[in-house]
Structure formats: C-alpha cells, structure tokens
**Q** 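This is the structure I want to talk about, given as structure tokens.
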Amino acid sequence: MIALDLSLENLYRQYLRCRKNKRNTVNALRFEAQQEKQLILLRETLVERTYQPGRSVCFFTARPKLREIFAADFRDRVVHHVLVDYLERIWEPIFIHDSYACRRGKGVHAGVKRLQTFMRQATANGTRPAWYLQLDIRNYFMSIDKAILLDLLAARLKDDTALWLTRLLVNHDCTRDYVMRGAPELLARIPPHKTLFGCGQGKGLPIGNLNSQFFANVYLNGLDQFVKHELKCRHYLRYCDDFVLLAESPEQLAVWRGRIESWLRDELCLQLNPRQVLAPVSNGVNFLGYIVRRDYLLVRRRVVNHLRERLAAFEKLLVTEGAGYRRYRFDVAVLDELAAVLASYWGHFGLADSFNLRQSLWRNYPFLRQYFALDQDGKLMRKDKTRSAIRNTWQQYRHYRIRFAGDVLFFQVGRFMEFYQPDDVLLASRLGLEPMTENRRRARFGFPVAQTGKHLFDLLKTGRSVAMVAETGRRLERVKERLPVCRFECQQAGQ
C-alpha cells in the first residue's frame, strides 16, 4: 500500500516545487519568511487531521474568454502538491497515454505533435481520406459532480489520511471564504452556470488550483477508457475537456459521438457542448492554439491577435512622444513582464511554421528593437542587461557605448555623468565641458547629474539621440550596477 508522505522532508520538497514562478507573490514571500515554522505547523495540522483550507482569492481573466478563477492560499497550494504527488503515483499507471493536460512529460506541444502523428497514420501519409471529430464538454469544471468524483478517487485510496485529505479538498467550498480581487461587477457578466456561485450544491471545482486540474483528469479517465476499449478508437487524444477522434468515415464518428454523449450523461452527469467539428483531416484541426495539419502547423489567428493587443499595451507603457523626439523607458519591472510574455508566445510560435509571423511582428512593433535582439535562430535576447564578465567602470561604459552605438551616452558615476572615449572631445566642446583631471577610470569629461536636463535638450535640438545609464544602488561582483533608464530618439533619426 502506498502511504501519504507527511514527513517534513516531503513537505519541504513540495514547498520548493510550489514556489516555482510564485516566489515573488505576497503570500509566497510571507510563507518563505518563516518557512520552517510554517511547514512544521502545517505538518502538525495534517498529521492530527485538524487542517482546514484557508481563504481563496477570486479574480477574473478575460483570455481566452471571461472566466472566474479561485486561487488558493500559498499554504494550501503546498498541501495540493503533497496530495497530487501522492495521487499521481496511483493514477498515472491507469491513465491512457494520450491524455495531455496537467501531466508530467505531456502538455500542449506533446499533444499537438501526437495529433499530427495520428493524422499521418489515419491518412497513410496523405494517400487516403480520413475524418476527425472534435468535441468538448459543456461547462466542464462547473459540472463536475463531487460525489461521483469522490467515489472514483476513494475506490483506489487505501490510506486513511489520504482519503481524509482528498475528501476535505474535494468538498471544500471556496465561495464561503474568499477575497475579491479585481472588479466585482465582472461576476455579473458571467452566466450563472459558468461560476461556482451558481453551479449548485455538490457541483463544481475551482479553476486555478493544481488539485482541481488533477481531479479533472481522474473524472474523465473513464471516458478515455470507454473510447479506447469499448469504441476501439485507435486515434483519440484528450487535453482537459477538449478531445479529438479520427476515423476513416464521418458515419463512424457520428456513431461514436452518440455513444459518447450517452456515456457521459449516464456515468458522469455531463453534457457535450452543442458545438462540434466533424470535417476531413485535410481541412486541418483547430486545436490547442494551432491549426494542425499533417505535415505542418500554423498559429491560430486569435493567439496572434492577443499578442498584438499585449504589445500595443506595452508600447503605451514604454514609449512616449515629445516635441521632435521619442522617449523609450527602460522600466525593469515592465521589461521583465514583457520578456516573459514574449518568451511564452515565442515558445508557442516555435513549434509552428512561424518564421514570417515573427518577422512581421518585429517589423510592425519596432519599439521591441530597443529592448531585444533576435539571434540567428530567431530567439530573443535582452539588450538592457550587462555581461557578468565586466570588471570595471570603463568596461561597463564601453559595453553601453556599443549597445547604444550612434547615441550620445550619459553615463552616471556618482554625482556626475562621465565620458571616456577619445571621440567624446567634439561632444564635450559642443556642451561646453572642461576636461576632467586624470582619474583611475580614465574619464575625460563630465558634468553634474543636476545639469542632465539642460544638456539633454541642447543635444536633442541638434538632432542627436541620447541614452541614459544610471546607477541602481546595487553592486555587481566587481562594479556598481548600472542599467539603462531611458533613451531619447530624435524623430528625424528614427524614421
């Protein structure tokens, strides 16, 4: 019998997994500040079975459509990881190979590649016709029957503590204790049957928690087994509640649809979404953000449009227009978020035939070139970061002179903006700067930081673009950290 591991070692292991990509959230930082004490107390409540889930945070997302999210407290997320890690060892050998949501080694890309393989097999590499049927379940998470789910889980749970914790989490009603984040009026725009507040007693799991995603896989495992072993469908795969079947004829798929609809209604109290797609495989399958074809992939137009909206919003945050110049801000927090968004979309695009798409985005949003560069493989590189190998201030200055080639570089050292290169002599003459006395940094000219505005606008009037690099107050290994703050580009120079 597999026992639920409630040792401190395991709780700490699951805590580390839980905090990935969540480390900077308020709840995660609060937990981390006293992690040993928090984990010891959490273990005591689990061992003594006095643990109760805490308050959830309710908010709304608009992509891909307006939906309600309930995010558990960080402490509860650690418990979710502990339980799911245990349940995976029981259920993974039972799940079919071709279920791709919320499973290690699976995911969107693996599911799309598998669908392509199925399309090649069903059509014998395009030499014969085949059809596909794409279905999904109506209001899936809000329609899950907790009693049925618990019966499915309990049938394979022999450990009493694991059974107690599973029942507690399944039956927990997060609508009784929550904090609303965002605009509460958005709740009125969600149909009652699509929210936990209106799904009915004993129904629905919160979207946004790890255990809910795993429970959703368990709930539909019976469907997977039915399709594979009863219907004998060779080419079938599922991602959450979205699934695709392939066959040689549309008539066969229509028969399978009827049997699936009856099985879901009778066994799981679920309904198929009225919309369905029954079409030739040669048309391509609109699945998981891609148009999937036998020998290539395209990115869905909706995904591209969402990215365009995000880029336009970032451009408004980072770029402002002035009288004859354009100002680019180097806000680290905003650029970190932009880099994360681009990395996510670039990763999504990378699986598809998207070279022309990426090049068009690069052309249509030129502000990106201020902050990123594309390498030979089309990967994005940040341009506002210095190399770790820089050993002194002069090397740091030279790095930014290369980075902002063609611009006047205002480089802060303490209370001064300094210039180091021989070709700065003409610039110093134009600004009326006197040579600096010799110093170990090899600085030739400079002016007080307080005079930055005056010299900036004098240069902009002459058509010169200016980049400013300022001290952050932190130290790198050998030198003070300095990062770009903003860049002023003359309109004439940038067009």
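Quantities reported herein were computed from a predicted structural model and do not represent experimental measurements. Heads up: numbering here begins at 1 and tracks the sequence.
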**Q** When rounded to the nearest 0.5 angstrom, what distance separates CG in Leu361 from CG in Asn356?
**A**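 Atom-to-atom, Leu361:CG and Asn356:CG are 11.0 Å apart.
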**Q** Can we say Asp353 and Arg293 salt-bridge, meaning some charged N sits less than 4.0 Å from an Asp/Glu carboxylate O?
**A**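 Looking at Asp353 and Arg293, the cut-off is not met.
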**Q** Between Arg17 and Asp85, is a salt bridge (charged side-chain N to carboxylate O under 4.0 Å, His left out) present by the stated rule, with each step listed?
**A** CA-CA 11 Å; Arg17 290 178 59 192; Asp85 178 70; 3.5 Å; yes
**Q** So, Gln213 versus Asn209: side-chain donor-acceptor pair below 3.5 Å or not?
**A**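 Not at all, the side chains of Gln213 and Asn209 share no donor-acceptor pair under 3.5 Å.
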**Q** I'd like to know if the side chain of Ser262 and the backbone of Arg259 have a donor-acceptor N/O pair within less than 3.5 Å.
**A**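 Side chain of Ser262 to backbone of Arg259, a donor-acceptor pair under 3.5 Å: no, none is there.
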**Q** Using the ring centroid of each side chain, check whether Tyr365 and Phe314 are separated by less than 6.0 Å.
**A**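 Ring centres of Phe314 and Tyr365 not closer than 6.0 Å.
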**Q** So Trp131 and Glu248, side-chain contact (heavy atoms from CB on, under 4.5 Å) or not? Walk me through it.
**A** CA-CA 6 Å; Trp131 294 69; Glu248 295 179 358; over 6 Å; no
**Q** Closer than 4.0 angstrom, basic N to acidic O: yes or no for Glu92 and Arg103?
**A**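 So Glu92 pairs with Arg103 through a salt bridge.
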**Q** Does atom CZ of Arg128 have more than 12 heavy-atom neighbours, drawn from other residues, nucleotides or ligands, at distances under 6.0 Å?
**A**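 Correct, the count exceeds 12.
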**Q** Does the side-chain contact (heavy atoms from CB on, under 4.5 Å) test come out yes or no for Leu298 and Leu357, once each step is laid out?
**A** CA-CA 10 Å; Leu298 296 175; Leu357 169 62; over 6 Å; no
**Q** Could you pull out the closest heavy-atom pair between Arg77 and Ala72, with the gap in Å?
**A**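 In terms of heavy atoms, the two residues are closest at NE-O, 3.2 Å.
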**Q** Using a distance-only test with no angle check, is there a side-chain donor-acceptor pair under 3.5 angstrom linking Thr127 and Asn125?
**A**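 No - no donor-acceptor pair under 3.5 Å links their side chains.
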**Q** Less than 4.0 angstrom from a charged side-chain N to a carboxylate O is my criterion; do Asp98 and Arg238 meet it?
**A**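 So Asp98 does not pair with Arg238 through a salt bridge.
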**Q** Would you mind listing every ring-ring contact (aromatic ring centres under 6.0 Å, His included) that reaches into residues 225-283, with sequence neighbours excluded?
**A**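 Residue pairs passing ring-ring contact (aromatic ring centres under 6.0 Å, His included), neighbours aside: Phe118-His235, Phe226-Trp263.
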**Q** What orientation do Phe70 and Phe197 show, parallel under 30°, tilted 30 to 60°, or perpendicular over 60°?
**A**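 Judged by the thresholds at 30° and 60°, the geometry between Phe70 and Phe197 is tilted.
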**Q** Just wondering, do Ile291 and Leu297 contact through their side chains at under 4.5 Å, heavy atoms?
**A**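 With C-beta onward as the side chain, the pair stays apart.
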**Q** Return the set of residues passing ring-ring contact (aromatic ring centres under 6.0 Å, His included) with His306 (not counting sequence neighbours), or none when no residue passes.
**A**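 With neighbours one apart ignored, the set is empty.
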**Q** For Met142, is there any backbone N or O sitting under 3.5 Å from a side-chain donor or acceptor partner on Lys203?
**A**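 No: the side chain of Lys203 does not pair with the backbone of Met142.
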**Q** When rounded to the nearest 0.5 angstrom, what is the spacing between CG in Asn221 and CG in Leu152?
**A**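 Going from CG on Asn221 over to CG on Leu152, the span is 8.5 Å.
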**Q** For a side-chain hydrogen bond (donor to acceptor under 3.5 Å, both in side chains) check, start with the C-alpha distance between Tyr100 and His109, then their side-chain angles and the critical distance, and finish with the verdict.
**A** CA-CA 9 Å; Tyr100 288 90; His109 287 186; over 6 Å; no
**Q** Which heavy atom of Gln116 sits nearest to which heavy atom of Arg294, and what is that distance?
**A**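 For Gln116 and Arg294, the tightest heavy-atom pair comes out as NE2-O, 3.8 Å.
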**Q** For atom CZ of Arg167, decide whether the heavy atoms of other residues, nucleotides or ligands shown that lie under 6.0 angstrom number more than 12.
**A**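 Open.
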**Q** Taking only Lys NZ, Arg NE, NH1 and NH2, and the carboxylate oxygens of Asp or Glu, determine whether Arg104 and Glu88 approach each other closer than 4.0 Å.
**A**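 So Arg104 pairs with Glu88 through a salt bridge.
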**Q** For Arg49 and Thr161, run side-chain hydrogen bond (donor to acceptor under 3.5 Å, both in side chains): C-alpha distance rounded to whole Å, both residues' side-chain angles, the deciding distance at 0.1 Å, then the answer.
**A** CA-CA 8 Å; Arg49 300 191 186 182; Thr161 303; 3.2 Å; yes
**Q** Is a side-chain N or O of Gln271 found less than 3.5 angstrom from the main chain of Arg265, in a donor-acceptor match?
**A**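 No; zero donor-acceptor contacts below 3.5 Å.
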**Q** Just so I know, are the side chains of Leu133 and Val277 near enough to count as touching, which here means a heavy-atom distance under 4.5 Å?
**A**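 No; the side chains remain at least 4.5 Å from each other.
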**Q** May I ask you to check if Lys383 and Tyr371 form a cation-pi contact, with NZ or CZ under 6.0 angstrom from the six-membered ring centre and within 45° of the axis?
**A**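 No, a cation-pi geometry is absent between Lys383 and Tyr371.
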**Q** Other residues, nucleotides and ligands only: do more than 12 of their heavy atoms fall within 6.0 Å of CZ on Arg257?
**A**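 Enclosed.
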**Q** Which atoms form the tightest heavy-atom contact between Leu311 and Leu368, and what is the distance?
**A**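 Reported closest heavy-atom pair: CD2-CD2, 4.1 Å.
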**Q** Would you confirm whether Tyr15, through its side chain, and Gln35, through its main-chain N or O, come within 3.5 Å as a donor-acceptor pair?
**A**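 Such a contact is absent between Tyr15 side chain and Gln35 backbone.
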**Q** Do the side chains of Asp73 and Arg75 get close enough for a salt bridge, i.e. N-O under 4.0 angstrom?
**A**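 Answer for the salt bridge query: no.
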**Q** Establish, yes or no, whether a centroid distance under 6.0 Å links the rings of Phe349 and Phe355.
**A**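 Centroid distance Phe349-Phe355: not below 6.0 Å, so no.
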**Q** Salt-bridged, Glu32 to Arg19, with N to O below 4.0 Å?
**A**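 Result for this pair is yes, salt bridge flagged.
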**Q** Hey, is CZ on Arg89 packed in by over 12 heavy atoms from elsewhere, all under 6.0 Å?
**A**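 For Arg89, atom CZ is crowded (more than 12 foreign heavy atoms under 6.0 Å).
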**Q** For the NE2 atom of His348 and the CZ atom of Arg300, what is their distance to the nearest 0.5 Å?
**A**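 The distance works out to 8.5 Å.
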**Q** Any sub-3.5 Å donor-acceptor pair from Thr50's side-chain atoms to Leu46's backbone N or O?
**A**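 Checking the backbone N and O of Leu46 against the side chain of Thr50, no donor-acceptor pair under 3.5 Å is found.
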**Q** Can you tell me if CZ on Arg181 sees more than 12 non-hydrogen neighbours from other groups inside 6.0 Å?
**A**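 No, the 6.0 Å shell around CZ holds no more than 12 heavy atoms from other groups.
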**Q** Of the non-hydrogen atoms in Asp136 and Asp242, which two are nearest, and what is the gap between them?
**A**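 So the two residues come closest at CB-CA, 4.1 Å.
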**Q** Looking only at the side chains, is there a donor atom on one of Tyr86 and His81 sitting less than 3.5 Å from an acceptor on the other?
**A**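 Looking only at side-chain atoms, His81 and Tyr86 do not form any donor-acceptor pair under 3.5 Å.
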**Q** For a quick test of reading the model, state the closest non-hydrogen atom pair linking Cys240 to Ala101 and the distance between them.
**A**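 It is N-CB, 3.3 Å.
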**Q** Could you tell me if the side chain of Arg30 sits less than 4.5 Å from the side chain of Asn27, heavy atoms only?
**A**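 Side-chain contact under 4.5 Å: yes.
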**Q** Let me see the working for Asn305 and Glu309 under side-chain hydrogen bond (donor to acceptor under 3.5 Å, both in side chains), right down to the final yes or no.
**A** CA-CA 6 Å; Asn305 289 339; Glu309 291 176 12; over 6 Å; no
**Q** Check whether more than 12 heavy atoms from other residues, nucleotides or ligands sit under 6.0 Å from atom CD of Glu267, and answer yes or no.
**A**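 It does: Glu267 CD has more than 12 such atoms within range.
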**Q** Specify the closest pair of heavy atoms between Ser56 and Cys174, including all atoms of both residues, with the distance to one decimal.
**A**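 Reported closest heavy-atom pair: OG-CB, 3.6 Å.
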**Q** Report the distance from atom CZ of Arg138 to atom CZ of Arg275, rounding to the nearest 0.5 Å.
**A**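 These two atoms lie 10.5 Å from each other.
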**Q** For Arg176, I'd like to know if atom CZ has over 12 heavy atoms of other residues, nucleotides or ligands within 6.0 Å.
**A**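 It does not: Arg176 CZ has 12 such atoms or fewer within range.
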**Q** Report the distance from atom CG of Leu115 to atom OG1 of Thr117, rounding to the nearest 0.5 Å.
**A**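 Between Leu115 CG and Thr117 OG1, I get 8.5 Å after rounding to 0.5 Å.
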**Q** Does Lys228 use its side chain to pair, donor to acceptor, with the backbone of Arg234 at less than 3.5 Å?
**A**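 Looks like yes, one N/O pair under 3.5 Å.
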**Q** Within a 6.0 Å radius of atom CZ on Arg156, are there more than 12 heavy atoms belonging to other residues, nucleotides or ligands?
**A**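 No, the 6.0 Å shell around CZ holds no more than 12 heavy atoms from other groups.
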